Amino acid sequence: MGSLQMKVLGNGVKKSQKNHDFYQQIFKDIDGVNLFSAINEDFYSNYWLNTVLIDDCILSKENVKDFFSQNNIETRYLWNPIHLQPLYNKYIFLEVIFLV
C-alpha cells in the first residue's frame, strides 16, 4: 500500500474511533444500554462496527433505530444466534455448559 492509502486508511480508523467515543458519551448514563468496547488497553479496535445491546424493557430497538435514522446515522440489526434462525425452528436447542 502506498503512503497516501495508508494515510486515508488511518484517517478512516480515527473517524470510526471518534464515532465510538461519541456513542459512549450518548449511552454512558442509560441503564440497560450497553456499547461494546475494547476490554482494556491490551486490546485495539478500529471500531468499524459499533454494537449496542438494548434491553427491550428500557427502550424499543425500533424507537432507537428511528431516532438515529432521523439524525442521519445508519443502523441495522445484528444477526440472531443460529439456533434462533427461522430455518432451525423445528429443531431442539440443547445448551451445553462446560465446567472447568
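Owing to the predicted nature of the structure, the values given are computational and were not obtained by experimental measurement.
- With sequence neighbours left out, Y44 forms a side chain to side chain donor-acceptor pair (under 3.5 Å) with Q17.
- In this structure, V64 is a member of the same hydrophobic cluster as I26, with clusters built from ILVMFWY side-chain heavy atoms closer than 4.5 Å.
- Here NE2 of H20 is found 4.0 Å from CD of Q24. Values are rounded to the nearest 0.5 Å.
- The same ILVMFWY cluster, assembled from side-chain heavy atoms under 4.5 Å apart, contains both F22 and I30.
- Counted within 6.0 Å of CG on D31, heavy atoms from surrounding residues, nucleotides or ligands total 12 or fewer; the atom is thus considered open.
- Listed by chain and residue number, K65 satisfy the side chain to side chain donor-acceptor pair (under 3.5 Å) test with T75 (two or more places apart in sequence, or in another chain).
- A continuous path of Ile, Leu, Val, Met, Phe, Trp and Tyr side chains, each step under 4.5 Å between heavy atoms, connects V33 with I73, placing both in one hydrophobic cluster.
- One distance of note links CG of L35 with OH of Y47; it measures 7.5 Å at 0.5 Å rounding.
- For residues 67-78, the pairs satisfying salt bridge (Lys or Arg N to Asp or Glu O under 4.0 Å) are E74-R76, with sequence neighbours left out.
- Listed by chain and residue number, Q25 satisfy the side chain to side chain donor-acceptor pair (under 3.5 Å) test with K28 (two or more places apart in sequence, or in another chain).
- Pairing each heavy atom of S16 with each of N46, the nearest pair is CB-O, 3.2 Å.
- A continuous path of Ile, Leu, Val, Met, Phe, Trp and Tyr side chains, each step under 4.5 Å between heavy atoms, connects Y91 with L87, placing both in one hydrophobic cluster.
- Residues forming a side chain to side chain contact (heavy atoms under 4.5 Å, CB included) with T51 (at least two apart in sequence, or on another chain): F36, L49, L78.
- Cluster membership check: Y23 shares its hydrophobic cluster with I54, using side-chain heavy-atom separations under 4.5 Å among Ile, Leu, Val, Met, Phe, Trp and Tyr.
- Legend: residues meeting side chain to side chain donor-acceptor pair (under 3.5 Å) with S60, ordered by chain and number and at least two apart, are E62.
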